[in-house]
Amino acid sequence: MLRQLLHATAARILLNKEDADDALQELFIKVWQNGRKDTGESQKKAFLFTALRNICIDMIRKRKLRTTADDCITYNLAATDDPVSRIDARDKIDNIRLISRQLLSGMILKVFELYTFEELDYPEISEKLDISPEVARSYMCRARKILRNHCDNLLND
């Protein structure tokens, strides 16, 4: 019964049955990794729904990042048949990556690159960098904040 409710919640957020299945699977892995036995039934249920919501939000963000980057590349490359223009478009994308690498450093940069360019999720990043998924999520939030502030400064100048 609870599994069906969780699946329906994920499907309502993600608007896709397959994505909801993936989110539920990631949730069960997270629950298994958490493995706390000292919590009450209401705390467990609250943890499940909160964790599921966060997983769904991460999936939506990842989807938006991929879609935005793909649209940008496709638009810029399809806008012209001229090879020079295509090279210029790729150079602009590389320049955006360079700027993000100049603004970020250390673990924040590593987490950002793994999440954005290699499309790894937080458990995979945490395993690769030997940190907890929560720390990986925190670093990614910092990266987003730094990049957002930089974009705001550029737009306001």
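Along the sequence shown, residues are numbered consecutively beginning with 1. What's counted below: heavy atoms across the whole structure, side chains too, no hydrogens, waters or symmetry copies.
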Answer whether the closest heavy-atom distance between the side chains of [X] and [Y] falls below 4.5 Å.
{"X": "M140", "Y": "T116", "value": "yes"}
{"X": "H7", "Y": "K17", "value": "yes"}
{"X": "L129", "Y": "L114", "value": "yes"}
{"X": "R3", "Y": "L6", "value": "no"}
{"X": "I55", "Y": "L24", "value": "no"}
{"X": "F49", "Y": "L5", "value": "yes"}
{"X": "Y115", "Y": "D121", "value": "no"}
{"X": "Y122", "Y": "V135", "value": "no"}

Review point. Is E118 atom CD crowded by more than 12 heavy atoms from other residues, nucleotides or ligands, each under 6.0 Å away?
Key: yes
Enter the distance from [X]:[atom1] to [Y]:[atom2] here, rounded to the nearest 0.5 Å.
{"X": "S105", "Y": "I146", "atom1": "OG", "atom2": "CD1", "value": "7.0 Å"}
{"X": "L147", "Y": "R142", "atom1": "CG", "atom2": "CZ", "value": "14.0 Å"}
{"X": "S42", "Y": "K45", "atom1": "OG", "atom2": "NZ", "value": "9.5 Å"}
{"X": "E26", "Y": "C56", "atom1": "CD", "atom2": "SG", "value": "9.0 Å"}
{"X": "L120", "Y": "E113", "atom1": "CG", "atom2": "CD", "value": "11.5 Å"}

For [X] and [Y], work out which heavy atoms get closest and say how close.
{"X": "R12", "Y": "L15", "result": "O-CD2, 3.5 Å"}
{"X": "S132", "Y": "S126", "result": "C-CB, 3.5 Å"}
{"X": "Y139", "Y": "I108", "result": "CD2-CG1, 3.6 Å"}
{"X": "A10", "Y": "A23", "result": "CB-CB, 4.4 Å"}
{"X": "V111", "Y": "A136", "result": "CG1-O, 3.4 Å"}

Check your understanding: side chain to side chain contact (heavy atoms under 4.5 Å, CB included) between L14 and I60: does it pass, once the steps are laid out?
Key -> CA-CA 7 Å; L14 297 170; I60 290 169; 3.7 Å; yes
Check your understanding: Just by distance, do the side chain of E127 and the backbone of E124 share a donor-acceptor pair under 3.5 Å?
Key -> no
Review point. For the hydrophobic clusters of this structure (ILVMFWY residues joined by side-chain heavy atoms under 4.5 Å, transitively), does one cluster hold both L52 and W32?
Key: no
Check your understanding: Salt bridge or not for E134 and K30, using N-O below 4.0 Å?
Key -> no
